[in-house]
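Reading through the structure tokens given below for one structure.
Any value given below was found using the heavy atoms of this structure, including those in side chains, with hydrogens, waters and symmetry copies removed. When a ligand or atom number is given, it counts from 1 through the structure's own listing order.
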Amino acid sequence: MNGKSWMARPAAFFAGDPSPMAAHGAVAVIGLGRFGGSLARELTAHGVDVIGIDIDEGLIAEYSDELAFVSRADSTDEAVLRQLGVNEVDRVVIAIGSDLQASILTASKLLKLGNKHIWAKAISEPHAEILHQLGATNVVRPENDMGTRLAHLIRGHISDFLPIDADFVLARTTPPVRVADVPLASVGVRSRYGVTVVAFKRKTSQYWDIGDPDVTLYADDEILIAGHPKKVEAFSELDKDDDN
Ligand code: ATP
């Protein structure tokens with residue numbers, strides 16, 4: 001355990017008063033496998049106190065010096081979760097995938113304990129459905145999401161791709177020739193192509209600017225566009241159509 005131990009927080013942290021906890025913003029990560037472990041490290045790198053829980057002693061030893069607090073525990077045990085004060089933590093991540101039973105039981109115990117903001121990893125559609133039905137706020141499918149993202153990146157026109165929902169994405173790309181060199185409003189990007197140019201970055205700048213209607217895009221700009229995945233994709237491939 002390192003110096004900024006979660007257990008060493010002031011008593012108010014444990015006293016059931018949510019304000020110091022919310023202000024503090026500790027996150028519990030249950031399961032320190034590849035996904036949970038890298039998430040816990042990333043959160044820690046951004047200054048978030050992470051309470052890492054895993055049933056595997058070796059993993060607990062591996063993370064003991066890196067995270068604010070670690071505990072070797074079975075997360076399906078309600079008494080243990082209570083003992084660790086997980087019920088008082090505002091945000092909890094269940095990073096257990098392959099062990100379906102452990103994942104589902106942990107989610108149900110957390111919900112029973114009153115945890116409201118639960119992120120849970122699922123490894124299949126039925127797994128995701130059960131977690132949703134139980135009431136997990138956010139269910140992520142890292143392999144799936146990464147696959148979708150990678151498919152767009154590999155195809156070449158999009159350099160970053162962030163699915164917000166099934167019907168809405170953000171993508172980083174370059175302006176197609178036919179929308180460049182004239183103000184955005186005169187092209188009617190939104191009405192004609194069904195996407196919104198949210199922001200743009202000039203080649204010579206390191207900053208992003210908002211994509212106002214009077215902005216003129218140039219071929220060597222980078223742009224951030226938002227819309228339905230199909231429209232975003234079609235827009236990013238407009239130059240390809242011109243080539244044919
Ligand atoms: P990865 O993130 O490595 O791909 P995975 O999806 O294969 O993991 P699991 O191996 O099922 O998921 O679980 C991830 C971690 O959760 C493991 O380190 C495992 O020890 C831990 N874990 C599994 N069950 C429990 C439990 N009941 N209580 C606490 N930790 C658990």
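- Under a 4.0 Å N-O distance rule, the pair Glu222/Arg202 does not qualify as a salt bridge.
- The nearest protein atom to atom 30 (N) of ligand 1, hydrogens excluded, is given as Ile55 N, 3.2 Å; this is a heavy-atom distance.
- The ligand atoms of ligand 1 that sit less than 4.0 angstrom from a heavy atom of Ala95 are 14 (C).
- Shortest contact from atom 26 (C) of ligand 1 to any protein heavy atom: Ser75 OG, 3.5 Å.
- The side-chain heavy atoms of Val86 and Leu113, taken from C-beta on, include no pair separated by under 4.5 Å.
- Close contacts of ligand 1 with Lys121, meaning ligand atoms under 4.0 Å from a residue heavy atom, involve 1 (P), 2 (O), 4 (O), 5 (P), 6 (O), 8 (O).
- Leu170 is not listed as a side-chain neighbour of Phe161, based on a closest heavy-atom distance of 4.5 Å or more.
- Ligand 1 has an N or O atom lying under 3.5 Å from an N or O atom of Asp99, backbone or side chain.
- In this structure, a donor-acceptor pair under 3.5 Å is absent between the side chains of Ser236 and Thr173.
- The shortest N or O to N or O distance between Gly36 and ligand 1 is not below 3.5 Å.
- Under 4.0 Å is where a charged nitrogen must lie from a carboxylate oxygen, and between Glu62 and Arg41 at least one such pair does.
- Nearest protein heavy-atom contact of atom 25 (C) of ligand 1 is Ile96 CD1, 3.6 Å.
- Ligand 1 places these atoms under 4.0 Å from at least one heavy atom of Gly33: 2 (O), 3 (O), 15 (C), 18 (O).
- Residue-ligand proximity: Ala73 is placed with a non-hydrogen atom under 4.0 Å from ligand 1.
- Closest to atom 27 (N) of ligand 1, if we only count protein heavy atoms, is Asp74 OD1, 2.9 Å.
- Without hydrogens or angle criteria, Ser205 side chain to Lys201 main chain gives no donor-acceptor distance under 3.5 Å.
- In this structure, Val89 and Ala28 approach most closely via the heavy-atom pair CG1-N, 3.8 Å.
- Considering only residues two or more places apart in sequence or on other chains, Phe200 meets the ring pair (Phe, Tyr, Trp, His ring centres under 6.0 Å) condition with none of them.
- Interface atoms of ligand 1 facing Leu59, defined by a heavy-atom separation under 4.0 Å, are 18 (O).
- Side chains of Ile96 and Ile30 form a contact here, defined as non-hydrogen atoms less than 4.5 Å apart.
- The protein atom (non-hydrogen) at minimum distance from atom 3 (O) of ligand 1 is Arg34 N, 2.7 Å.
- Closest to atom 15 (C) of ligand 1, if we only count protein heavy atoms, is Asp54 OD2, 3.5 Å.
- Every atom of ligand 1 is numbered from 1 in the order shown, and the set under 4.0 Å from a heavy atom of Ala102 is 24 (N), 27 (N).
- Looking at atom 2 (O) of ligand 1, its nearest protein heavy atom turns out to be Phe35 N, 2.9 Å.
- Enclosure of atom CZ in Arg190 is not indicated, since only 12 or fewer non-hydrogen atoms of other residues, nucleotides or ligands lie within 6.0 angstrom.
- Summary of contacts: the protein heavy atom closest to atom 10 (O) of ligand 1 is Ser98 OG, 3.7 Å.
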